[in-house]
Every structure is written in C-alpha cells, then in structure tokens.
**Student:** 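This structure is in structure tokens; I'll ask about it shortly.
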Amino acid sequence: MTTWHASVQNNQALQAWPYPLQYGRMQEINVDVLVIGGGVAGCRAAISAARKGASVAVAERGHAKRSGAGGAGVDHWHGACTNPCSRVTPEDYTRAVFDSAHGYTSGAVRFISTREGWDTLLECERMGVRIRDVNDEYKGADFRDDETKLMFAYDYTNRHILRVWGGNIKPCIYKEMKRLNVGIYNRMLITGLLTAGGRTGARVVGATGINTRTGEFFVFKSRATVIATGGAGRLWSFVPELTASSSMGDLNNCGVGLAIGWQAGAEFACMEQTMPGRLSGFGYAPYSMANAHNTYHGTPIVDARGKEVPWVDCRGRELETSAQRFLPASGQRFILGEGIGLGFYNEEYRNNALTPDLPRRIASGEFTLPLYADLTRLPLHERRVIFNMMLTNEGKTRYPIYETMRKAGFDPEKDMLQAPVMPIAGYAHSNFWGAGINTPPNVRGLAGGGYLVDWDLRTSLEGLYAAGGAPLFGGGCHGESHTTGRYAGRKAAAYALSAEAPDVSPAQIEAEKARVLEPLSRSREGIGWKEINYAIARIMQDYCGLHKNELTLRSGLRLFAELKQTELAAAFASNPHELGRLLECGALIDVGELVMQASLARQASSVYLDFFRLDFPENDPADWRKLLPIRQTGDGVAVRELSFNHHLETPNAPTYEENYRRHCGEK
Ligand SMILES: Cc1cc2nc3c(=O)[nH]c(=O)nc-3n(C[C@H](O)[C@H](O)[C@H](O)COP(=O)(O)OP(=O)(O)OC[C@H]3O[C@@H](n4cnc5c(N)ncnc54)[C@H](O)[C@@H]3O)c2cc1C
C-alpha cells in the first residue's frame, strides 16, 4: 500500500481519481431490513436482524470493519447490570440516569440498554472479544471477581461497569456480519429516506445513497429500516487545519442520519440541548496526555515537586487512600460512571475525582506546574490494568500513548507522563482536555437529542427504527449502542417479516438522483464544500451559540435559507468524494435548522439542557419541565408537549420491566 505523500513524491504530480467513475449508473437493492450506518450499533442491528431470518443490507459511509466512533476500540462497557457480580438492577440504573438528567432522557432507551447490556456483551465474547481475565494476569486484584474472571471499573463494590479487551471489537462484529451474509455496502453515503408514495410522514420504505468512490447512485428498497448514523460533528466548528476537524469525532458523523429523518417527517426530542464544544478539537486530543479521568480513572497526579493532588468523593470530602477512588462513599448508592451521555450527575451517583478547586490551589502556589501522571504510586495491578490493558484497548490512546511512548522507551514502572500545560482553569476537571478554556463558548455540540422512539425503538414513522449514540434520543455510549442496535435490529426484522412490500415512489427516486448528482455539472467557478462548512459553523456559532433569542434564531434560519439558495446551490464537486462532503453540508444545514426550530419552541432557559434564551431568562420554570417533540409536516413545523414519564404512562405499562417484557420479543 502506498501513501498519498509517497505517491505525490514518486510521481511529482497529483494522482488521477483512482476509482472507476460511474456517474449516472443506478443499482437497486431489495432487502427486508436496511441498516443505515455501520458503526457498532448498525452492525449489531444487522446481525440480530439477520439472525431472525431477514435479508439485510448495511450502508456505511466508511468501511464497516473499523468505522465510526467505536471502530478503534473500547476499554470499558457500561450498564452491564445483569452480569452475575452486579449489585445494580437495570431499574436502579435507569432511575439514576433519568434523575440525573432531570427527565431529559429516554427512560425506555436507558432501560433497554441496561436490561440487555450484559447479554449483548456475552454475544461479543462469543464473537471473539475478550471480556474476562482468562490468563489470570490480575488474579487477586480488587477489581476482579475470581470466579467469573470479570474485571470492573469505577465502582468495585457495585460492579456494573466492566473492563474489556475491546480493541478488536469492530473487526469481530464485522466478521460475524459477513458470516451471516449481510450485504455490506461500504463507502456509501445515504442521502435520503424513501417514504410510501413519496409522502412526508408516511411509512419509510428504503433510502437512496451514493458511492463516494465511484459516484454510482443506489436505491435501497426495504420493508424496515434502522438508522444508526452516530453523532453530528462539523456543525458548530470546522477548522480542520487548526483542530484536525475534531480530535475525537469521526469526520463522517455529521448528522446526515438526523437530517434525512427531519426531511421525512420523523419526530425528534431535545434537539435544543447542547453542550460546550468539548470534542471540537480546540483543546488537547481527549486523553492523549496525562489525566485522571475515564480510561485513566484513579491515576495519581503529582505536581512538578512531586506533591500529589488530592482526590475527593461525591460530596467533596478528601479521600485518604488510592483504594477509595474506586469505591462509593459511605451512604452513596452507587457510582454511575462517566461517558454515558449525561451532562449532570446527582450527588448520590457522582464519581470520585481530582479535587475541583485545583485551579485555585495552583494559583496560590500550593501546586506547581507542570503536572504529571505517576502510575508508580498505584498498587501493581491498578498500574498495569490502566497502562497495559485500558490504554491498549481504548481507541484514542493505543497509538498516541501506548505505542508511541513504548517505542520511545517509556516505562510506567518508573517514568511519569506529563499533563498538558494550560491556563489553570483547565485543571478543574480530571480529564485535562483543556477544551473548557480553549474552545470559544459559542462553539457547541449536540447533547443527547435525537429520534423520539417507543418501547420498540421505533421512531414516529412506521418502518423506521433508531439505535446507537446521537441519532437516538437517550442513547449512551459504546455498550449501550451495541445493545440498542441489537434490540432495534430484532424489532425491525420482526416488523419486516410480516410487513407489506415497500410502496416506493419512482418520482421521489428520480428527484433525489437529480439533486444528488447536480453539483457535478456546475461551473467550477463556484466554491467547494469546505467553504460551505465554514459558513454553516459560523452561522451556528453566531445565531445558535451559548446565548440566543428569538431574533438570533430567526436570523439564523434566514441565513441558512439564503445559504441554500446561493452558495450551496452554486457549489461544485470535482469527484465522488467532494460530492459526498457537499451533500453532507446540505444535511448539516438541515440539522442546524432542526436545532434552531427546537430552540425557538422552548421558550424558557434550562440549566439541565445547557440552554439559555436571553428573552426567557428564568431557568427551568415548572411549566416548561417537559419534552417538546418536533417534526416537519408538509407545510411547516409541528411541536407538541410530552411528559418526561410518557414511557410509563398509558398506553404503556406503569413499570419498566412490564413494558420491556411486552415489547422485547424473542431474543
Ligand atoms: C476514540 C473514542 C473512544 C471511545 N471509548 C469509549 C469507551 O471506552 N467506552 C464507551 O462506552 N464509549 C466510548 N466511546 C463512545 C462510543 O464509541 C460511541 O458511543 C459509540 O461508538 C456509538 O456507536 P454508534 O454505532 O451509535 O456510532 P458510531 O460508532 O459513530 O457509528 C456511526 C456510523 O455511521 C456511519 N454514517 C454516518 N452517516 C452516514 C450516512 N449518511 N450513510 C452511511 N453511513 C453513515 C459512520 O461512518 C459510522 O461508521 C468512545 C468514542 C471515541 C470517539
């Protein structure tokens, strides 16, 4: 394999487009279940649908073997509540998340994720992912159960989060998909949903796509469709030369999955919720340097003179031993764990962490920069499990930290790892990303909003199911994405196997094909996709940033409408890659409009949603404590009100378990 640089250097010229161009060609695929997005959720959806006997196709923007946020690996699996060592029930966990989110999450999604999380992980084990310390490397460690050989993270008493050797998890599920004869369509950008008769709000009967190497147009006709397209980066920031686009997000995850549902008339919840742009790339690459969070939880941090930074419990009380960092405080129910799509943690579920007043103590001279991670201060097993196991399986640390440092001769038994040196406010959080201080406050990220689903994980549109992280309202992290994918795939297959044949509209297909291919025939004097993406990010920052009011939001909507009619309508693409990126820009504008419309609908500020309307400054007034599901109709936008507890109200059953049993189907 040659690299781009080697090719340019050897030939002294840019390469011609290396794939056969097939513009104008059209391929039609007919399946029971179409899965859009081959990340971990999408692949699991495909596997469970195929096991139910459905014919399945997966359309993936990258290559499903390693694509998506979960493609590089995973080191801890949240919500394995039914594992034999867990002391947390799925209901305990769901209530803890629901209460911490103050109702702004999906109780149904959270319960399904934790009710089946362990079963889903056991399936991973059968596919070749190691989830136990089979070689007895950590025998006798506090975080290990000697009978099952399972290993725990964050909370060694309650044992619901498992450490796993998930560096190969994506190749394992990819192999299983192939074994089950799932049709895998890599390099496929899905551009739109097909609806019965081409009508907005009607049953979803497939999707259209474009191969971003050949330019060939694809029509997928399906009885059921699962959408699992991950998050939506590139919306508030796009400065790749400055930020590597985003230091953590996958460039291919840019909200197309949300946009196509918005266009088709599906209903969304909490799209007005945003968070600071922590993953925007303005800080340090998450976990790329010394810190004490997530994968590094428990790591001792010392200052330049060797003085150790104290840890505190959920109530801010200083901990005396390193062992206490992995235990709930006295009287604390259990520790929920980090990275599960939560902006708030109620005290009774909060994690132990470095003392949050560290910035003040650095300013006063008590601690001297730089800071370092000193793993030698941990007991042997703790030191080795962080460096040798967690860092090698976690996607974002294997190469920048483990491989690079090892090659350079770093030895965790005696060396220390330096933390970034940054404005001291950045040390208030144990992750040391520096994003809070380096990212402009108007650069935001989506946070938790997505498709509103029922207990089948079905969206408001017949035939359309949602799974995974961001496209699903209430979606969590890695393990939860596998689990909702597995469940949604099963439910989609059950529906598809008794559903009528798709009633596809030829006019809808022709119109979409013309829209998708049009930029190829435009004048080369226009602008390209990157300029459009900059403009989108600037509009979001200025008109839908941290503070907004009705006027800024309406101005943002007007500017998006103009951008579509002017620059976007004139932008050109020179090859299938640029075409894909340009189409994604169109989708980003749709998502921006969805966020602005949802922001207009909520006429109150909310601390819990990190949502601040200058024209409605009161935070969380009682009459605005509700969801505001939003959708496009043929001629406008419709918003309704929905109680936080709708998933336990009529026509649903009053308990989580009862609803689950009614809907889960045969596994
Ligand atoms: C580096 C890193 C490390 C992480 N570590 C952990 C961890 O240790 N534990 C944990 O719990 N969580 C972790 N997370 C979070 C976790 O990986 C995600 O929550 C999870 O991957 C979400 O799964 P998903 O399938 O919903 O989305 P993804 O895995 O992102 O997959 C979405 C897929 O959809 C495809 N796609 C997007 N748009 C289209 C389109 N229009 N057409 C076709 N395909 C499309 C994308 O190419 C992508 O492959 C980590 C995240 C990152 C980035």
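Atoms within each ligand, like the ligands themselves, are counted from 1 in listed order.
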**Student:** Any nitrogen or oxygen of G479, main chain or side chain, under 3.5 Å from a nitrogen or oxygen of ligand 1?
**Tutor:** no

**Student:** State the atoms of ligand 1, each with its element, that fall below the 4.0 Å cut-off from a heavy-atom position in G469.
**Tutor:** 26 (O)

**Student:** With atoms numbered from 1 as shown, which atoms in ligand 1 lie under 4.0 angstrom from a non-hydrogen atom of N252?
**Tutor:** 37 (C), 38 (N), 47 (O)

**Student:** Look at ligand 1 and say whether A72 reaches it with a heavy atom at a distance under 4.0 Å.
**Tutor:** no

**Student:** Does the ring of F143 carry R163 above it, NZ/CZ under 6.0 angstrom from centre and within 45° of its axis?
**Tutor:** yes

**Student:** Could you list which atoms of ligand 1 come closer than 4.0 Å to a heavy atom of G68?
**Tutor:** 28 (P), 29 (O), 30 (O), 31 (O), 48 (C), 49 (O)

**Student:** So is A41 polar-close to ligand 1, meaning N/O to N/O under 3.5 Å?
**Tutor:** yes

**Student:** Check whether any heavy atom of G339 sits under 4.0 Å from an atom of ligand 1.
**Tutor:** no

**Student:** Taking non-hydrogen atoms only, is V256 closer than 4.0 angstrom to ligand 1 via side chain, backbone, both or neither?
**Tutor:** side chain

**Student:** Taking only Lys NZ, Arg NE, NH1 and NH2, and the carboxylate oxygens of Asp or Glu, determine whether E338 and R350 approach each other closer than 4.0 Å.
**Tutor:** no

**Student:** Short N/O distance, under 3.5 Å, between D75 and ligand 1?
**Tutor:** yes

**Student:** Would you mind telling me if ligand 1 is within reach of the side chain of E394, the backbone, both or neither, using heavy atoms under 4.0 Å?
**Tutor:** side chain

**Student:** Have a look at W433 and tell me which of Y287, Y284, Y296 forms a ring-ring contact (aromatic ring centres under 6.0 Å, His included) with it.
**Tutor:** Y287

**Student:** Taking the basic N atoms (NZ, or NE/NH1/NH2) and the acidic carboxylate oxygens, is any pair closer than 4.0 Å for E176 and K178?
**Tutor:** no

**Student:** With heavy atoms only and a cut-off of under 4.0 Å, state how P286 meets ligand 1: side chain, backbone, both or neither.
**Tutor:** neither

**Student:** What part of S481, side chain, backbone, both or neither, has a heavy atom within less than 4.0 angstrom of ligand 1?
**Tutor:** side chain

**Student:** Looking at S67, which atoms of ligand 1 are within less than 4.0 Å of one of its heavy atoms?
**Tutor:** 49 (O)

**Student:** How about E267 and T459: does a side-chain donor come under 3.5 Å of a side-chain acceptor?
**Tutor:** no

**Student:** Could you list which atoms of ligand 1 come closer than 4.0 Å to a heavy atom of A228?
**Tutor:** 32 (C), 33 (C), 34 (O)

**Student:** Relative to ligand 1, is A467 under 4.0 angstrom through side chain, backbone, both or neither, heavy atoms considered?
**Tutor:** neither

**Student:** Is the closest side-chain donor-acceptor distance between N393 and R398 under 3.5 Å?
**Tutor:** no

**Student:** My understanding is that we take every heavy atom of each candidate and find the minimum distance to atom 9 (N) of ligand 1. Doing that for R44, R66, H76, which one comes out nearest?
**Tutor:** H76

**Student:** From the options N393, I161, N253, I190, select the one whose nearest heavy atom is closest to atom 46 (C) of ligand 1.
**Tutor:** N253

**Student:** Does ligand 1 have a heavy atom under 4.0 Å from the side chain of H78, from its backbone, from both, or from neither?
**Tutor:** side chain

